[in-house]
Amino acid sequence: MRTATLGPKQRAESLAAMAERELDVLVVGGGVVGAGTVLDAATRGLNTGIVEARDWASGTSSRSSKLIHGGLRYLEMLDFALVREALKERGLLLERLAPHLVKPVPFLYPLQHQGWERLYAGSGVALYDAMSMASGHGRGLPVHRHLTRRHALRIAPALRKDALVGAIQYYDAQMDDARYVATLVRTAVSYGAKAANRARVTGFLREGERVVGARVQDVEGGGEYEIHAQQVVNATGVWTDDTQAMVGERGQFHVRASKGIHLVVPKDRIHSTTGLILRTEKSVLFVIPWGRHWIIGTTDTDWDLDKAHPAASSADIDYLLNHVNSVLAVPLSRDDVQGVYAGLRPLLAGESDATSKLSREHTVAHPVPGLVVVAGGKYTTYRVMAKDAVDEAVHGLDTRVAECVTEDIPLLGAEGYRAMWNARARIAARTGIHVVRVEHLLNRYGSMADEVLELIAADPALGEPLSAADDYLRAEIVYAASHEGARHLDDVLTRRTRISIETFDRGTRSAREAAELMAPVLGWDKDQIEREVEHYEKRVEAERESQLQPDDQTADAARLGAPDIAPL
């Protein structure tokens, strides 16, 4: 199996190598689109690099609803092309590209009107299934089914009896969005790409009108590099306009940020064996199964404040609780909320004033020679966006380049995953780790779970769970720093794991244990461990304070009370 690591040594070597020799393509932005773009370029045989100012997926790509879906509501907008494209991608991810990371998930749509609504909604879901089948990659999911009220209440007893007259159940898919991005980057590195997070672009290199590279600051080490490239791809999402400003022009389109927030509650607070999808006055609301939890989301409001740390206000939380409680027999309270997170969608401005009506389609442009911009879109169609961005960049290269092959490139961990899944009982017996733990590892790392198990074999203490977050093994914290590019405690508790939203203490009780596990890998002394723990605790405190504020302005001000971590 081809593999790669994103440890400290690889990061330093990548920065040096990118500065030493001109790249064919330099990708700026380490979210899902940037990561997909660098994989696309690398698998076409191009000399490729990617830099990210903060952590992989630290922006929008770690704060989504964590769904891989066709976009059922876009059918209602008659956006058939977008739905068809997304359903094909959903099938590819489930069946071929990432079966270890992307999993089917059932949703129940409660019907509230007799007769016409079942016909109307049923026709839409039937078309959804038909388009999925027609894509050639839709056979991995069950088709929808119509349910009576009694049957619906049997599989979702949490619903109020008067909240529905019947229901339709259908399937989509979900993944851990941040883990997916880190795996994408590792896959690209395994095909020869250079990758460095915590490497901020401070300006573009120019020769006349042409962009010929970027000035990159090593946020960790403090050095600055000039990285030359024949083509630079700006894949910075909601920061697109800011990045474009570095070349002195805004570009041909404007990216607008829409805030969406999500709540995480324990599984036992909502008695159901299926997810839920509910209509709201503006959009739809999802209740999504998430391990031993539920994710409830999302809102859709314009945001023009701090992009790095969008804040959820008290009003946002009340909005979600009020809407979900309208159908629950036992309502949720603030005390039931374990975690809250807010993210920003990068929407192309111009089509509509309401963010919920802005297009989720993407745009690729070549505003000046040497610079390609890709923006918009949705997580599910990242691979198509990446292909279009590289196709555009190729026009500026003076050599013949192969066509996109990512439709046939499984992500690291996919190869051998199903065989290991079938052998999970034997793996458990061989390693002495409970089969449930083995399943957990396989669904996070796929066949790369062997690398985590090797850490445990070398140090059996790493086979123990974290004392205050027992869903995760101690080895996973070490592995995040040694193999997955985690540079700080926040990276591990928020993105490599989901401890920050899956525990009532938001990860504060796990902070010191995790920092001490990371320290030997990253060369931290006791002072740096203290700084990491203190920063994390202040971040959680600022987030909790922001979630008590009445509106976006006061929530934003409270969240900014915790500064970003500063390395030695």
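Small disclaimer: the values here were computed from a predicted structure and weren't measured.
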- prompt: Do the ring planes of Trp116 and Tyr120 sit parallel (below 30°), tilted (30 to 60°) or perpendicular (above 60°)?
  reply: tilted
Spatial distance of atom [atom1] ([X]) from atom [atom2] ([Y]) [nearest 0.5 Å]:
| X | Y | atom1 | atom2 | answer |
| --- | --- | --- | --- | --- |
| Asp450 | Ile427 | CG | CD1 | 6.5 Å |
| His146 | Leu119 | NE2 | CG | 8.5 Å |
| Leu108 | Leu147 | CG | CG | 6.0 Å |
| Ile295 | Leu263 | CD1 | CG | 10.0 Å |
| Asp129 | Arg145 | CG | CZ | 12.5 Å |
| Asp55 | Ser61 | CG | OG | 11.5 Å |

Determine the minimum heavy-atom distance between [X] and [Y], stating which atoms define it.
| X | Y | value |
| --- | --- | --- |
| Pro410 | Thr187 | O-CG2, 4.0 Å |
| Ala188 | Ala42 | O-CB, 4.1 Å |
| Leu332 | Asn325 | N-OD1, 2.7 Å |
| Thr380 | Ala86 | CG2-O, 3.5 Å |
| Pro104 | Tyr171 | CB-CD2, 4.4 Å |
| Ile288 | Ser65 | CD1-O, 3.4 Å |

task: Please assess Val238 against Leu347 for the test side-chain contact (heavy atoms from CB on, under 4.5 Å), listing each intermediate value before the final yes or no.
output: CA-CA 8 Å; Val238 293; Leu347 303 178; over 6 Å; no
State, yes or no, whether a side-chain contact exists between [X] and [Y] at a heavy-atom distance under 4.5 Å.
| X | Y | answer |
| --- | --- | --- |
| Val337 | Ile296 | no |
| Met385 | Val374 | yes |
| Thr183 | Leu101 | yes |
| Glu407 | Arg96 | yes |
| Val38 | Tyr191 | no |
| Val233 | Val28 | no |
| Arg544 | Arg506 | yes |
| Leu75 | Leu127 | yes |

message: Quick check with a 6.0 Å cut-off and a 45 degree axis cone: is Arg418 positioned over the face of Trp421's six-membered ring?
response: no
Have [X] and [Y] got a donor and an acceptor in their side chains that come within less than 3.5 Å?
| X | Y | result |
| --- | --- | --- |
| Asn443 | Tyr417 | yes |
| Ser447 | Glu415 | no |
| Arg90 | His69 | no |
| Ser64 | Asp177 | yes |
| Tyr109 | Glu117 | yes |
| Gln338 | His293 | yes |
| Ser314 | Arg334 | yes |
| Glu89 | Tyr382 | no |
| Arg559 | Ser546 | no |
| Thr406 | Arg383 | yes |
| Thr243 | Thr236 | yes |

- prompt: Which of these, Tyr319, Trp294, Phe286, Tyr341, sits in a ring pair (Phe, Tyr, Trp, His ring centres under 6.0 Å) with His262?
  reply: Tyr341
query: For Asp172 and Phe107, what are the C-alpha separation, side-chain angles and deciding distance, and is it a side-chain contact (heavy atoms from CB on, under 4.5 Å)?
result: CA-CA 8 Å; Asp172 256 319; Phe107 285 102; 4.1 Å; yes
Heavy atoms from other residues, nucleotides or ligands near NE2 of His271 exceed 12 (cutoff 6.0 Å): no
Keeping the roles fixed (side chain from [X], backbone from [Y]), state whether a donor-acceptor pair exists under 3.5 Å.
| X | Y | value |
| --- | --- | --- |
| Gln549 | Asp551 | no |
| Tyr170 | Pro106 | no |
| Ser258 | Asp302 | no |
| Arg424 | Ala419 | no |
| Thr43 | Asp40 | yes |
| Ser132 | Tyr128 | no |
| His100 | Leu412 | yes |

- prompt: Does Asp552 have any side-chain contact (heavy atoms from CB on, under 4.5 Å) partners at least two apart in sequence or in another chain, and if so, which?
  reply: Lys259, Trp303, Leu305, Ser313, Asp316
Any salt bridge between [X] and [Y], counting N to O under 4.0 Å?
| X | Y | result |
| --- | --- | --- |
| Asp176 | Arg498 | yes |
| Asp268 | Arg292 | no |
| Asp391 | Arg44 | yes |
| Arg444 | Glu476 | yes |

- request: Please lay out, stage by stage, how Val264 and Val340 fare under the test side-chain contact (heavy atoms from CB on, under 4.5 Å).
  value: CA-CA 6 Å; Val264 181; Val340 181; over 6 Å; no
message: Less than 6.0 angstrom separating the ring centers of Tyr74 and Phe80, yes or no?
response: no
task: Start with the C-alpha distance between Asp304 and Arg256, add both sets of side-chain angles, then the distance that settles salt bridge (charged side-chain N to carboxylate O under 4.0 Å, His left out), and finish with yes or no.
output: CA-CA 8 Å; Asp304 57 7; Arg256 184 170 164 188; over 6 Å; no
task: For the pair Tyr472 and His440, evaluate ring-ring contact (aromatic ring centres under 6.0 Å, His included) and give the outcome as yes or no after the intermediate values.
output: CA-CA 9 Å; Tyr472 298 95; His440 161 89; 5.6 Å; yes
message: Using side-chain contact (heavy atoms from CB on, under 4.5 Å), reason through Val284 and Leu278 one step at a time and then give a plain yes or no.
response: CA-CA 6 Å; Val284 294; Leu278 311 170; over 6 Å; no
message: Please determine whether side-chain hydrogen bond (donor to acceptor under 3.5 Å, both in side chains) holds for the pair Gln174 and Trp290, giving the CA-CA distance in whole Å, both sets of side-chain angles, and the decisive distance to 0.1 Å.
response: CA-CA 9 Å; Gln174 70 176 164; Trp290 181 255; over 6 Å; no
